[in-house]
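Worth knowing before you read on, the calculation uses all heavy atoms, side chains too, and leaves out hydrogens, waters and symmetry mates. Note that the numbering runs from 1 along the sequence shown for the chain. These numbers come from a predicted model, not from an experiment.
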Amino acid sequence: MRRKVLSLSLILALAFSALAQQQRANESQPEMERLRAHVSYLASDKLEGRRTGSSGANAAAEYIAREFARYGLRRSIGRDLPGMSILEADSPRRYMQEFPFVAGIELGRNNSMLFTPRAQGETPGAQTSARAAAFDLRPGEDWMPLGFSSSANLAATPATFVGYGIKADELNADDYAGAQITNRIAIALAGTPDGDNPHGQFARYASVRWKAIAAREHGAAALVVIAAEENFKDDRLSHLSYDNSGGEAGLPVVVISRQAAQRILEAGGLAPLAELEKAASTVRSMTSAPTTEPAAVKSSGENRKNVAAPLQNVTLSIKTDILRRNAPAYNVAGILEGSDPVLKNEVIVIGAHYDHLGRGGEGSLATREGDIHHGADDNASGVAGVLELARIFSAQRAKMKRTLVFVAFSGEEEGLLGSNYFVNHPILPNSQTIAMINMDMIGRMKENRLMIGGVGTSSEWREMIATANLARGMNVTASNSPSRAQSEAERKTQTLNVPVVVAANGQAVVHFDPAKQLALTLNEDGYGPSDHSSFYAKQVPVLFFFTGTHDDYHKPTDTAEKINYADEARILSFVASLVRSVDALAKRPTYTVAKSESQGRSLGFRVYLGTIPNYSESNDGLKLDGVREDSPASKAGLKAGDRIIRMAGREVRNVYDYTYALGEMKAGQEYEVEIVRGSETLKLKLTPAARK
């Protein structure tokens, strides 16, 4: 009997909640055509893919700011948000928070490369004899510095061919073994012995970033990579590009055409390039066979000598001059101040990122570069959601107790740059931000499925989500007298619904329609590849809404007409109900440490540390945004804000150095980690766990 009474009480409570939601929905609800208009503009050709720092991204920022102004949102509470422009009242830039961003790179004036054959018996650095001529190589035609190359000036430096330039301890592979390399230029082949096989054992060592780390660790003065394409301008390495999450390599890194490489190698007394490639692929430059190699190969008796060899009677002179081009990049923030004199000091952030991939390049999954990546689902859909919620809540501002901050972030695709800047320059202290709601790709829902991340970041989230979803299925008929005539549509609808509460006259007052509920997949983790991670790292409870990936992800084909606007409106109605529930709480949501659910999907590494790297550019160590509770990193004493400068005996300058070292670590083996914490340099002992 007690259970029945409780169940009835719950049903009635949900019924009243559903009635309240219906009344609010009648006042203001997400509108499909508004969503369509927002997405169509943000994903249009005019904005050219909204790459951070581009004119298209800035046009998107101004569009969002103008919408915030239309809804009467404020730009600040008592003071200006750090980084915001202070201009005339009607300027959209008054809502913009500028953050530092490197939009691209270009060649400086001092880029040159030449190789000089020496007469027999001459020593490196000696004056070249009259019989030997220097060959001047042209940047853009014969060679090109890479975007992450350090600027330097190397004169008459000897060189060593190092095969593929791979050092992989886990595979017992070291192309540098036994080679003369200290203070010499390393010349390496592009790619790996696996060729184009993305699942080969050397696949993760194909990146020039890893080759540069290996060269630097062996004391090389520079790295020269031989292009894979016969036509130099067709080779992807010949096009300058920049990765904001990487920083410099710590040494000059250049790519050279195959024709120029052929001349240099043969002048140095080595075999033709094609023969060197064949030898490196056959021998695999290994000191011993990897344990994963097929038995037939291991038993073949093949001699696995190293193919590395110094070039004789040849020196290279290399000048690299890379200029980094800064460009304005903006977060856009609008504030709806709460009505409660006390609770208005607490903030609920509702956000989405508006940047995308421009015309391709870094991050694109398209087969070619140059086509506009429209980014309708990723993430014009989320931004349209932020704008609709801003419109809805601004019309109900008197009912909102707490302050709502609507934010459109930029730099997400570059490594959460905008949201990371925002949490370090917040409108109110992060301690007053009680929740962050993030929407990233909410426009392609299929089969009623919605994924929600961050459920473990507050002890209240699961119950609130379940209640809100259950209430979606409740339909309350406020008037149900016998004299009221029912339409044919109403009668049909009621025959499909389940009566839950029946009035004295025998007519159903409350119906339940399961089809109106969302099929939810809940994920505990507060970290993930989107902007909510930046807030969770500051111990803010988060919720992340996502409808899943699809074949158009990070491709030019992610266009506005493919968005499911009706279902996006349903999702926003659900999100709005959750925001109201948070706002109605007497006390702020309780922050909890979420269970990690990402150990099995992280770049294929065999070990797990529990660190949350900061992906902003760095040249002086890897900063940690967070450390998971009860992880190897937390047990070692690592904390958020620490900067790792050495790990497992390797120098760490940036995230690439860190992941390179991580890939070489073994579970259960103790390693030393050197960090900078404030003004102190500390050495800690860390034992990685096996990735599950």
Side-chain angles (χ1 to χ4, degrees), residues 113 115 137 142-150 152 154 157-169 171 173-196 200 202-230 232 235-238 249-268 270-287 305-311 314-316 318 320 656-657 660:
M113 182 175 181
F115 78 93
L137 304 179
D142 303 308
W143 73 287
M144 179 70 78
L146 271 64
F148 61 91
S149 171
S150 298
L154 302 178
T157 305
T160 298
F161 175 72
V162 292
Y164 284 98
I166 292 173
K167 184 179 186 298
D169 292 347
L171 299 174
D174 186 359
D175 287 355
Y176 292 87
Q180 296 175 272
I181 195 61
T182 302
N183 297 324
R184 297 172 70 92
I185 294 172
I187 300 179
L189 300 167
T192 77
D194 298 319
D196 295 329
F202 292 102
R204 82 175 191 87
Y205 296 95
S207 169
V208 180
R209 280 277 188 178
W210 307 144
K211 296 177 190 286
I213 292 170
R216 193 184 73 219
E217 285 191 348
H218 285 85
L223 172 66
V224 174
V225 179
I226 301 171
E229 299 291 339
E230 198 66 34
F232 184 64
D235 197 284
R236 62 181 183 83
L237 294 178
S238 70
L251 78 170
V253 182
V254 309
V255 61
I256 191 171
S257 72
R258 296 178 65 82
Q259 294 76 18
Q262 176 86 8
R263 294 168 66 187
I264 293 171
L265 294 171
E266 290 189 349
L270 300 189
L273 177 56
E275 293 184 21
L276 290 174
E277 287 178 315
K278 182 177 180 181
S281 297
T282 302
V283 174
R284 296 197 177 193
S285 304
M286 302 181 73
T287 56
K305 66 182 180 181
N306 201 299
V307 296
L311 277 67
V314 165
T315 61
L316 295 176
I318 302 175
T320 52
Y656 288 99
D657 293 335
Y660 185 89

Chemist: Is Ile187 close to Ile256 at the side-chain level, that is, under 4.5 Å between some pair of heavy atoms?
Modeler: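 Side-chain contact under 4.5 Å: no.
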
Chemist: Can you list the steps and then say if Trp210 with Tyr656 is a ring-ring contact (aromatic ring centres under 6.0 Å, His included)?
Modeler: CA-CA 8 Å; Trp210 307 144; Tyr656 288 99; 5.8 Å; yes

Chemist: Closest approach of Gly250 and Ser150, non-hydrogen atoms and distance?
Modeler: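 Where Gly250 meets Ser150 most closely, the heavy atoms are N-OG, 3.2 Å.
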
Chemist: Under a 3.5 Å distance rule, please check whether Thr160 uses its side chain to pair with a backbone N or O of Ile181 as donor and acceptor.
Modeler: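 No, Thr160 side chain to Ile181 backbone: no donor-acceptor pair under 3.5 Å.
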
Chemist: Any side-chain to backbone donor/acceptor pair from Gln259 onto Glu230? Under 3.5 Å, distance only.
Modeler: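 Yes, because the side chain of Gln259 sits within donor-acceptor range (under 3.5 Å) of the backbone of Glu230.
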
Chemist: Minimum heavy-atom separation for Thr320 and Pro145, please, with both atom names.
Modeler: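 Thr320 and Pro145 have their closest heavy atoms at CG2-CB, 4.1 Å.
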
Chemist: Between Asp657 and Arg216, is there a side-chain heavy-atom distance shorter than 4.5 Å?
Modeler: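 In contact.
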
Chemist: How about Leu189 and Leu273: do any of their side-chain heavy atoms sit closer than 4.5 Å?
Modeler: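 Yes - at least one pair of side-chain heavy atoms lies under 4.5 Å apart.
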
Chemist: Quick check: do Phe115 and Arg263 have side-chain heavy atoms less than 4.5 Å from each other?
Modeler: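 Result yes, sub-4.5 Å side-chain heavy-atom pair found.
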
Chemist: What's the shortest heavy-atom distance between Arg184 and Leu311, and which atoms?
Modeler: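 The pair with the smallest heavy-atom distance is NH2-O, 3.9 Å.
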
Chemist: Measuring only between side-chain heavy atoms, which start at C-beta, is Glu229 closer than 4.5 Å to Arg258?
Modeler: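 Counting from C-beta outward, Glu229 and Arg258 never come under 4.5 Å.
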
Chemist: Closest heavy-atom contact between Ala308 and Ala179?
Modeler: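 In terms of heavy atoms, the two residues are closest at CB-CB, 3.7 Å.
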
Chemist: Begin from the C-alpha positions of Val225 and Asp235 and carry the test side chain to side chain contact (heavy atoms under 4.5 Å, CB included) through to its verdict.
Modeler: CA-CA 12 Å; Val225 179; Asp235 197 284; over 6 Å; no

Chemist: Does some side-chain heavy atom of Lys211 sit less than 4.5 Å from a side-chain heavy atom of Val253?
Modeler: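 Val253 vs Lys211: side chains apart.
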
Chemist: Does Trp143 use its side chain to pair, donor to acceptor, with the backbone of Val254 at less than 3.5 Å?
Modeler: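 No: the side chain of Trp143 does not pair with the backbone of Val254.
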
Chemist: For the atom pair OH (Tyr164) and CG (Leu276), what is the distance rounded to the nearest 0.5 Å?
Modeler: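 One gets 10.5 Å once the value is rounded to the nearest 0.5 Å.
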
Chemist: Any side-chain heavy-atom pair from Leu146 and Val255 closer than 4.5 angstrom?
Modeler: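 Yes, close enough: below the 4.5 Å cut-off.
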
Chemist: Quick check: closest heavy atoms across Tyr660 and Lys167, and the distance to 0.1 Å?
Modeler: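 Between these two residues, the closest heavy atoms are OH-O, 2.7 Å.
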
Chemist: Given Ile185, which partner from the list Val162, Val224, Leu223 fulfils the side chain to side chain contact (heavy atoms under 4.5 Å, CB included) test?
Modeler: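 That would be Val224.
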
Chemist: Please name the pair of heavy atoms, one in Met113 and one in Leu316, separated by the smallest distance, quoted to 0.1 Å.
Modeler: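 The pair with the smallest heavy-atom distance is CE-CD1, 4.5 Å.
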
Chemist: Do we get Arg209 above Phe148's six-membered ring, with its NZ or CZ under 6.0 Å from the centre and within 45° of the axis?
Modeler: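 Geometry flag: set, cation within 6.0 Å and 45°.
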
Chemist: The test is side chain to side chain contact (heavy atoms under 4.5 Å, CB included); show your working for Ile166 and Thr192 and say whether it passes.
Modeler: CA-CA 8 Å; Ile166 292 173; Thr192 77; 4.1 Å; yes

Chemist: So do the side chains of Glu277 and Ile226 get within less than 4.5 Å of each other, counting heavy atoms only?
Modeler: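 Side-chain contact under 4.5 Å: no.
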
